[in-house]
Amino acid sequence: MTDASALPGQPRGQVLSGPATERAVNVLAPNASAMTLDGTNTWIVAEPDSDLAVVIDPGPLDDGHLRAVADTAEKAGKRIALTLLTHGHPDHAEGAARFAELTGTRVRALDPALRLGDEGLAAGDVISVGGLELRVVPTPGHTADSLCFHLPADQAVLTGDTILGRGTTVVAHPDGRLGDYLDSLRRLRSLTVDDGVRTVLPGHGPVLEDAQGAVEFYLAHRAHRLAQVETAVEDGYRTPAQVVGHVYADVDRSLWPAAELSVRAQMDYLSEHGLI
């Protein structure tokens, strides 16, 4: 068995519902798949001595899961005061409207179509609830509306799908753009270098104990894949499907449709920079 400390980002181990840091509790959604890994991590975040909590990414439209999130907060003596979304993909956001009904909360998101209430989210916003502070970090690339949330008190960042607890994420072309994604990874790296972020609380997969190591791995992985795609095109693999079959030959074929989205984003990036 591989030592977790030797893996990128030092994953904590098995993905479980329960406390992850002093202020963050995970409720794992029952939607495991090749794309969602163990399922969606729905995060309840609150100051330990506060009776108010924030929920990040209620997850799929699964009434049992949504009620479990609300019950978990209630059993901890906390009332959910606000719901936030890292982005609009259904495995993170489809249950948000129903969750708002169950809890009477507003939903804040970058995309106006996902909001319930007047307030959105934007770069530089600081969300304060019951003494808790969350800082909004724009991280487009996986999708155009992707955000992360910096939790300074726990030296942690909640990353949605921008960084996963296992494997790497998809740049979901055409909404996602590789140039934006690389900029977002560099922005997260600056949080680890300049702001003391040590822990990644991802949207899927285990908690990562080495945030800087995770970001560096993602940047290196993207550079490697980009070089592979560039070489494949130069060797005559012209369509995204052909490039996937060549470059991702060692990847489970069930993941090839998602890989093709990333390849399209990479080919666009190479074309924009005059490299193909």
Side-chain angles (χ1 to χ4, degrees), residues 8-9 35 85-93 109-114 120-124 136-148 157 159-164 167-194 200 202-204 211-253 255-276:
M35 288 298 295
L85 298 177
T86 61
H87 65 296
H89 279 168
D91 55 313
H92 293 257
L110 179 61
D111 184 349
L114 299 171
L121 293 170
V136 177
V137 182
T139 50
H142 169 65
T143 60
D145 70 330
S146 287
L147 299 169
C148 293
V157 61
T159 56
D161 281 355
T162 299
I163 292 180
L164 305 178
T168 55
T169 198
V170 172
V171 179
H173 177 86
D175 185 42
R177 294 178 57 83
L178 181 59
D180 291 341
Y181 186 63
L182 295 174
D183 288 343
S184 293
L185 291 177
R186 296 181 189 109
R187 190 171 296 120
L188 291 175
R189 181 171 58 187
S190 74
L191 287 182
T192 71
V193 173
D194 301 329
V200 173
H204 303 280
Q212 185 173 351
V215 175
E216 296 291 358
F217 169 75
Y218 265 63
L219 284 165
H221 170 79
R222 282 295 163 200
H224 177 64
R225 282 296 195 208
L226 194 60
Q228 287 181 308
V229 170
E230 183 179 2
T231 299
V233 173
E234 290 172 351
D235 289 345
Y237 298 91
R238 299 300 183 189
T239 69
Q242 289 172 343
V243 172
V244 168
H246 179 66
V247 173
Y248 291 78
D250 60 338
V251 174
D252 187 326
R253 282 178 173 265
L255 298 176
W256 280 17
E260 185 170 330
L261 295 179
S262 281
V263 165
R264 289 179 181 276
Q266 289 171 91
M267 293 177 73
D268 277 1
Y269 179 87
L270 290 167
S271 178
E272 289 165 3
H273 287 77
L275 298 173
I276 60 173

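In this text the structure is predicted, and so the values were computed from the model without any measurement.
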- Message: Between Phe217 and Thr168, is there a side-chain heavy-atom distance shorter than 4.5 Å?
- Response: yes
- Task: Return yes if some donor-acceptor pair links the side-chain N/O of Tyr218 with the main-chain N/O of Leu164 below 3.5 Å, else return no.
- Result: yes
- Task: Please round to the nearest 0.5 Å and tell me the distance separating atom CG of Leu219 and atom OH of Tyr181.
- Result: 8.5 Å
- Item | Flag, side chain of Ser184 to backbone of Pro140, donor-acceptor distance under 3.5 Å | yes
- Item | salt bridge (charged side-chain N to carboxylate O under 4.0 Å, His left out) partners of Arg177, counting only residues at least two apart | Glu272
- Nearest-0.5 Å distance that lies between atom CG in Asp175 and atom CG in Asp145: 6.5 Å
- Please work out whether the ring planes of His142 and His89 are parallel, tilted or perpendicular, with thresholds of 30° and 60°. perpendicular
- Message: Could you check whether any side-chain heavy atom of Leu191 comes within less than 4.5 Å of a side-chain heavy atom of Val137, counting everything from C-beta outward?
- Response: yes
- Query: What is the minimum heavy-atom distance between Ala265 and Gly176, and which atoms define it?
  - Reply: CB-O, 4.3 Å
- Message: Quick one, Leu270 with Val233, criterion side chain to side chain contact (heavy atoms under 4.5 Å, CB included). Give me CA distance, side-chain angles, the key distance, then yes/no.
- Response: CA-CA 10 Å; Leu270 290 167; Val233 173; 5.5 Å; no
- Query: Quick one: does Val247's side chain get under 4.5 Å of Val263's, heavy atoms only?
  - Reply: no
- Closest non-hydrogen atom pair between Ser271 and Ile276, with its separation: N-CG1, 3.7 Å
- Item | Nearest heavy-atom neighbours spanning Leu110 and Ala144 | CD2-O, 4.0 Å
- Ignoring hydrogens and geometry, is there a side-chain-to-backbone donor-acceptor pair from Thr169 to Asp161 under 3.5 Å? yes
- Can you name the closest pair of heavy atoms from Ser262 and Tyr248 and give their distance? CB-OH, 4.4 Å
- To the nearest 0.5 Å, tell me how far Leu121 CG sits from Asp111 CG. 11.0 Å
- Item | Check: Leu185 and Ile163 side chains under 4.5 Å, non-hydrogen atoms | yes
- Counting only N and O atoms by type, is there a donor-acceptor contact under 3.5 Å from the side chain of Trp256 to the main-chain atoms of Val251? yes
- Measuring from Leu255:CG to Met35:CE, what's the distance to the nearest 0.5 Å? 7.0 Å
- Query: Heavy-atom distance under 4.5 Å between the side chains of Leu178 and Leu182, does that happen here?
  - Reply: yes
- Query: Side chains of Thr159 and Thr139: does their closest heavy-atom pair fall under 4.5 Å?
  - Reply: no
- Just by distance, do the side chain of Arg187 and the backbone of Pro138 share a donor-acceptor pair under 3.5 Å? yes
- Separation of His204 NE2 from His92 NE2 (nearest 0.5 Å): 3.0 Å
- Message: Using every non-hydrogen atom in the two residues, find where His87 and Ala93 come nearest and quote the distance to one decimal.
- Response: O-CB, 3.7 Å
- Which distance, rounded to the nearest 0.5 Å, do you find between the NE2 of His221 and the CG of Leu226? 10.5 Å
- Query: Backbone N or O of Ala227 within a donor-acceptor pair of the Thr231 side chain at under 3.5 Å?
  - Reply: yes
- Hey, could you give me each pair passing salt bridge (charged side-chain N to carboxylate O under 4.0 Å, His left out) that has a residue in residues 215-239? Not counting sequence neighbours. Arg189-Glu216
- Message: Could you check whether any side-chain N or O of His273 sits under 3.5 Å from a backbone N or O of Tyr269, counting only pairs where one atom can act as donor and the other as acceptor?
- Response: yes
